[in-house]
Amino acid sequence: MEVVWLLAFAVLLAGYFALEGFDLGVGLLMAGRPQERRDRMVAAMAPYVLANEVWLVAVAGVLFGAFPVLEGEVIFALYPFVVSMLLGWIVRDAGLWFRRRIEGRAWRGFWDLMISLGSFVLAFGWGMVIGSVAGLPWIAGLGLGALTTALFAFHGRTFLAWREGRGGGRVLALSGLAAAAPVVVLLAAVAPYLLDHAAPAATLNVLSLMVVPFAPLMVGAQVWVWRTFRPGKGSDRIPSFF
């Protein structure tokens with residue numbers, strides 16, 4: 001059972017990097033673009049944002065339930081990064097929600113800047129977290145932060161090309177795999193430690209009964225979003241809440 005939950009944790013975390021990675025990448029690429037272009041970029045990613053963020057919530061749930069000891073150790077050791085990334089997440093989402101609440105280029109420009117800033121904090125922060133968990137020195141962590149930021153930006157660019165009919169789904173999938181690669185490598189390296197710090201078998205069995213019925217709903221929601229808003233099907237109009 002420990003192996004099953006380790007695989008579930010790996011899939012969820014890799015899925016978050018591959019899916020939310022392009023949202024963050026689009027946010028990064030918004031910096032310095034004309035207002036009209038920023039509007040189109042938000043319109044391209046808007047239908048996917050909430051569904052993609054569910055992956056991180058699921059990651060946190062698995063970490064809390066299946067690896068409670070590890071969760072306490074990780075959160076405590078990475079407290080500065082966790083707080084910074086939570087603030088970045090809040091700022092990024094606040095930008096998405098508030099950018100169209102009042103008309104005006106200055107208002108929208110400010111919140112677009114917050115989207116880019118929050119996306120950068122999250123993208124760079126993930127690289128720092130990976131480096132810290134791997135026990136790398138600070139300079140290597142900074143390098144990983146730059147790498148994850150670049151990977152997410154590339155993923156976001158590939159996603160925009162796909163949404164605008166200038167790129168194929170295969171290239172988008174490959175960029176998603178590239179965005180998820182750092183965390184996959186890390187999880188492979190720390191797998192023995194994770195297995196040694198899993199919750200008791202009885203707890204994992206109960207957790208399975210609670211989670212398994214909802215897994216098809218999560219997968220089904222993702223399939224519906226991607227089928228509904230694929231190029232040529234979904235509208236490019238920015239949803240009213242963004």
Side-chain angles (χ1 to χ4, degrees), residues 1-24 48-90 92-93 121-123 125-135 144 148 151-152 155 173 176-226:
M1 187 60 70
E2 291 86 354
V3 174
V4 172
W5 277 102
L6 175 60
L7 292 175
F9 182 67
V11 169
L12 290 171
L13 194 55
Y16 169 78
F17 270 61
L19 294 174
E20 182 70 0
F22 73 72
D23 287 347
L24 298 179
Y48 304 87
V49 171
L50 295 180
N52 292 342
E53 289 181 337
V54 170
W55 288 77
L56 184 59
V57 176
V59 167
V62 171
L63 187 63
F64 294 160
F67 306 101
V69 175
L70 177 64
E71 172 267 324
E73 294 177 356
V74 169
I75 296 298
F76 180 79
L78 302 177
Y79 187 77
F81 298 133
V82 171
V83 172
S84 299
M85 293 170 68
L86 283 174
L87 290 175
W89 189 6
I90 292 171
R92 196 283 297 262
D93 281 16
V121 170
L122 279 167
W126 275 116
M128 296 293 292
V129 166
I130 292 173
S132 181
V133 172
L144 277 174
T148 55
L151 286 173
F152 286 166
H155 193 23
L177 292 175
V183 72
V184 172
V185 172
L186 175 66
L187 288 174
V190 302
Y193 181 83
L194 289 172
L195 292 173
D196 288 341
H197 290 77
T203 301
L204 296 179
N205 289 334
V206 173
L207 192 62
S208 298
L209 294 176
M210 297 171 61
V211 172
V212 168
F214 295 97
L217 296 177
M218 180 177 172
V219 175
Q222 288 289 331
V223 172
W224 179 84
V225 168
W226 282 88

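Start at 1 with the first residue, then count along the sequence.
Between N52 and Y16, the closest side-chain pair of non-hydrogen atoms is not below 4.5 Å. Looking at heavy atoms from C-beta onward, V129 lies in side-chain contact with M85 at the 4.5 angstrom threshold. No side-chain heavy atom of Y48 sits under 4.5 Å from any side-chain heavy atom of L19. Within the 4.5 Å cutoff, no side-chain heavy atoms of E53 are placed close to those of D23. At a threshold of 4.5 Å between non-hydrogen side-chain atoms, the residues W126 and F17 count as touching.
A distance of 10.0 Å separates CG of L122 from CG of L87, quoted to the nearest 0.5 Å.
The minimum heavy-atom distance between A179 and P182, with the atom names listed, is O-CD, 3.5 Å. When every heavy atom of V121 is checked against every heavy atom of S84, the shortest pair comes out as CG1-O, 3.3 Å. Considering all non-hydrogen atoms of both residues, L187 and L13 come closest at CD1-CD2, 4.1 Å. Nearest heavy-atom pair, A123 versus L24, reported as atom, atom and distance to 0.1 Å: N-CD1, 4.4 Å. Smallest separation of non-hydrogen atoms from A18 and G176: CB-O, 3.6 Å.
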Test side-chain contact (heavy atoms from CB on, under 4.5 Å) on V133 and L78; report intermediate values, then the result. CA-CA 8 Å; V133 172; L78 302 177; 3.9 Å; yes
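Using a distance-only test at 3.5 Å, with no hydrogens or angles considered, no donor-acceptor pair links the side chain of S132 to the main chain of M128. H155 places no side-chain N or O within 3.5 Å of a backbone atom of A178 that could act as its donor or acceptor partner.
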